[in-house]
Amino acid sequence: QVQLVESGGGLVQAGGSLRLSCAASGRTFSSVFMGWFRQVPGKEREFVARTSWSGASTRHADSVKGRFTISADNTKSMVYLQMNSLKPEDTAVYYCAAGSAATALAAQYDYWGQGTQVTVSS
């Protein structure tokens, strides 16, 4: 089992920045890839970014490329999502996920955090 706890969400004005953190614990060695997803009510969970614990395999969704950066610190079992130039359409609940495949498909991640709300005001 892997436990994931997100933090760092909040309310920010458009153009501002936030950094989300995800603390992983348990059998983290079984989950090579870490991802961030987001979801708004009535819509499917959307891929944002993923990375390996080594940082060698990193991908960002086109909608956030150049604005968001995922990173991982395997010495602390922490994953981060630095979000810059935030837009109102980035408003969502952001989830951290862990899995064993390099994928953007939510269904292929095995473990999920409880989510953290990010609200961007215009």
Side-chain angles (χ1 to χ4, degrees):
Q1 293 286 339
V2 176
Q3 293 78 43
L4 303 172
V5 179
E6 304 97 333
S7 61
L11 173 64
V12 64
Q13 288 189 333
S17 298
L18 281 175
R19 188 174 85 151
L20 305 183
S21 299
C22 174
S25 61
R27 298 171 63 87
T28 56
F29 59 85
S30 66
S31 299
V32 177
F33 294 95
M34 302 296 294
W36 284 100
F37 289 77
R38 63 187 182 186
Q39 190 170 25
V40 298
K43 291 191 174 181
E44 292 187 354
R45 201 160 289 190
E46 177 191 15
F47 169 76
V48 175
R50 63 157 173 85
T51 186
S52 59
W53 280 112
S54 68
S57 177
T58 299
R59 294 289 185 274
H60 295 81
D62 288 343
S63 58
V64 306
K65 202 170 292 183
R67 300 188 299 122
F68 292 10
T69 303
I70 189 172
S71 62
D73 184 341
N74 60 7
T75 65
K76 298 180 179 179
S77 298
M78 296 290 295
V79 181
Y80 305 100
L81 185 68
Q82 178 65 44
M83 306 187 295
N84 299 327
S85 303
L86 282 160
K87 305 175 182 179
E89 50 264 43
D90 294 319
T91 295
V93 177
Y94 283 71
Y95 295 91
C96 178
S100 56
T103 178
L105 298 177
Q108 296 191 7
Y109 283 82
D110 303 310
Y111 304 100
W112 293 85
Q114 81 289 349
T116 186
Q117 176 72 46
V118 171
T119 303
V120 184
S121 63
S122 57

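For the single chain, residues carry numbers from 1 onward in sequence order.
A continuous path of Ile, Leu, Val, Met, Phe, Trp and Tyr side chains, each step under 4.5 Å between heavy atoms, connects Val12 with Trp36, placing both in one hydrophobic cluster.
The heavy-atom pair separating Ala106 from Trp112 by the smallest distance is O-CZ2, 3.3 Å. Summarising the geometry of Val2 relative to Ala98, their closest heavy-atom pair is CG1-CB, 4.5 Å, with the distance given to 0.1 Å. Summarising the geometry of Cys96 relative to Met34, their closest heavy-atom pair is SG-CE, 3.8 Å, with the distance given to 0.1 Å. Summarising the geometry of Ala14 relative to Ser122, their closest heavy-atom pair is CB-CA, 4.4 Å, with the distance given to 0.1 Å. Of all heavy-atom pairs between Ser17 and Asn84, the closest is OG-OD1, 2.9 Å. Between Ala72 and Thr51 the shortest heavy-atom distance is CB-CG2, 4.0 Å.
At most 12 heavy atoms of other shown residues, nucleotides or ligands fall within 6.0 angstrom of atom CD in Gln1.
Formation of a donor-acceptor pair under 3.5 Å by the Thr91 side chain with backbone atoms of Val120 is found in this model. In this structure a side-chain-to-backbone donor-acceptor pair under 3.5 Å is missing from Gln39 to Ala92. In this structure a side-chain-to-backbone donor-acceptor pair under 3.5 Å is present from Tyr109 to Thr103. Judged purely by atom type and a 3.5 angstrom limit, His60 has no side-chain atom pairing as donor or acceptor with the backbone of Gly66.
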**Study point:** Step-by-step side-chain contact (heavy atoms from CB on, under 4.5 Å) determination, Leu86 to Phe68
**Key:** CA-CA 9 Å; Leu86 282 160; Phe68 292 10; 3.7 Å; yes

Point to revise | Test log, rule side-chain contact (heavy atoms from CB on, under 4.5 Å), inputs Thr58 and Ile70 | key: CA-CA 8 Å; Thr58 299; Ile70 189 172; 3.4 Å; yes

**Study point:** Check against side-chain contact (heavy atoms from CB on, under 4.5 Å), Val79 and Trp53
**Key:** CA-CA 8 Å; Val79 181; Trp53 280 112; 3.7 Å; yes

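In the hydrophobic clustering, Tyr80 connects to Met78, either directly or through intervening members, whenever side-chain heavy atoms lie under 4.5 Å apart.
Of the inter-residue distances, the one linking Ser7 atom OG with Tyr94 atom OH reads 15.0 Å to the nearest 0.5 angstrom. Rounding to the nearest 0.5 Å places CZ of Phe33 at 11.5 Å from CD of Gln108. Between atom CD of residue Glu6 and atom SG of residue Cys22 there is a gap of 5.5 Å, rounded to the nearest 0.5 Å. Interatomic distance, OG of Ser77 versus CD of Gln3, reported as 11.5 Å (0.5 Å rounding).
Between Leu81 and the options Val118, Leu20, Leu18, a side-chain contact (heavy atoms from CB on, under 4.5 Å) holds for only Leu20.
Among pairs with a residue in residues 39-61, those fulfilling salt bridge (charged side-chain N to carboxylate O under 4.0 Å, His left out) read Arg38-Glu46, at least two apart in sequence or across chains.
Applying the salt bridge (Lys or Arg N to Asp or Glu O under 4.0 Å) criterion to Lys87, with sequence neighbours excluded, gives no partner residue.
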